[in-house]
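Atoms within each ligand, like the ligands themselves, are counted from 1 in listed order. Along the sequence shown, the residues carry numbers beginning at 1.
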Amino acid sequence: MRIEVLTIGNEILSGRTLDTNFAQLARALEEANVQIGWHSTVGDNAERIGEGLKTALARADAVVLLGGLGPTPDDLTRKAVATTLGRPLRLDEHVLDSIRARVRRLGSKLPASVEAQALLPTGAQVWENRLGTAPGLLLLHHDKPVILLPGVPHEMEALLRDELVPYLGARSGARVVSFTLRTAGAFESQLHEKIGPLAQRWPGATLAYLPSFFGVDLRVTVAGADAQQVEDVAASACGELRALVAPVLYAEGAQTMEQVVGERLVERGLKIATAESCTGGLLAKRLTDTPGSSRWFERGFVTYSNESKVELVGVSREDLATHGAVSAPVAEQMAAGVARRAGVAVGASVTGIAGPDGGSEDKPVGTVFIGVHTPEGTVTRRFSFLGTRATIRERTAQMALDLVRRGLAGLPLEARLE
Ligand code: AMP
Ligand code: MG
């Protein structure tokens, strides 16, 4: 089954709003093994929406239209679909009732025009939108599904998950199982060299390398008509791949590095404090992104100046003068010092040159020292990151979290695939 997606809205065409809805949809459909053959974007113009829909119907097995279901005159999707498919708009009493009930709950602060959202192309099946007033709609045109989803991202996502993926998944008839292994510390090319053509030996499987500054995610999707076989292949593929990338594997599925660090701290009953220079608090931000982090995150300092490194976490002035702020001894003293000052067992520190200026021959931009203090001792590692100021900071925070994870689990500090 190969579908076409039509994103609708002037704000997308002008580049003012990024088409995150399409990205969400594409990822979710990949999991359901529904292939997207075409994706186009159309402005808020009924004629062009109609043209786009006709073109899509001529080549795709199903069409999904995203957006333009609002109550304002620029939201034309329902009207354009009604005209193109020859299904005049009719008032749907049930949808009207639920819009009115919603307006009452909100204290009737919505204009009467929201009721226009109850005008649906004849024969449309309604997918209830619990988060807003515009429902999702399903029409069958000569047995080809035409699906309309609202543009508001969280509404679109809910309908995507609850209705669209199950519907298209069932229609495509395939059983699909997928899993993700998250790695940090190895390049895509290194992983590729290690894994090689392994995926070709798994029937019905595809392996995707998904790099970001958090590392490389390995996503495997197995699809087939035989549910048992799909599950067996996925299970053995997961086992094989896990073993191959074990030295750089930090999480599975959607779990983040900071969640893993939090779990390790809880397991050991320890708390962490941070002292950061070039990341300016990003490490503390990442750690406290996790709900419940107050159980294991004690405090974080942004020790940007030399003076603050001395005053707040007790770095020696002499070492600052001898080795410079970006150095292993300073990272070590920051990590041990912040743990001591905060009265906790674990300390993490970052000191580096995020650029674009400030590099030197022996410490170019991207040179970062990370320190980790645990009950087992204090360690430091030197990194050389490539990228812009922003990406160097992101990579630094990720590798600092990874070093904490390794320190807490007693793993080797350096990720080596061989
Ligand atoms: P609409 O249903 O087209 O009126 O969209 C409502 C709001 O959702 C718009 O004002 C945008 O802020 C947002 N939106 C619409 N389409 C998209 C999209 N493809 N990706 C991200 N946000 C969108
Ligand atoms: Mg719109």
Charged N to carboxylate O below 4.0 Å: is that the case for [X] and [Y]?
X	Y	answer
Glu414	Arg406	no
Arg264	Glu267	yes
Arg130	Glu155	no

Tell me, which residues have any heavy atom less than 4.0 Å from some atom of ligand 1? Thr7, Glu11, Ile12, Thr17, Leu18, Asp19, Thr20, Asn21, Gly67, Gly68, Leu69, Asp75, Gly151, Val152, Pro153
N/O donor to acceptor pairs below 3.5 angstrom from side-chain atoms of residues 205-223, sequence neighbours left out:
residue	atom	partner	partner atom	Å
Ser212	OG	Phe214	N	3.1
Asp217	OD1	Arg182	NE	3.0
Asp217	OD2	Arg182	NE	3.3
Asp217	OD2	Arg182	NH2	3.3
Arg219	NH1	Thr180	OG1	2.6
Arg219	NH2	Glu31	OE2	3.2
Arg219	NH2	Ser178	OG	2.9

Under the rule for salt bridge (Lys or Arg N to Asp or Glu O under 4.0 Å), what residues qualify as partners of Glu252, not counting sequence neighbours? Arg242
In short, side chain to side chain donor-acceptor pair (under 3.5 Å) pairs touching residues 190-199 with sequence neighbours left out are Lys194-Glu418
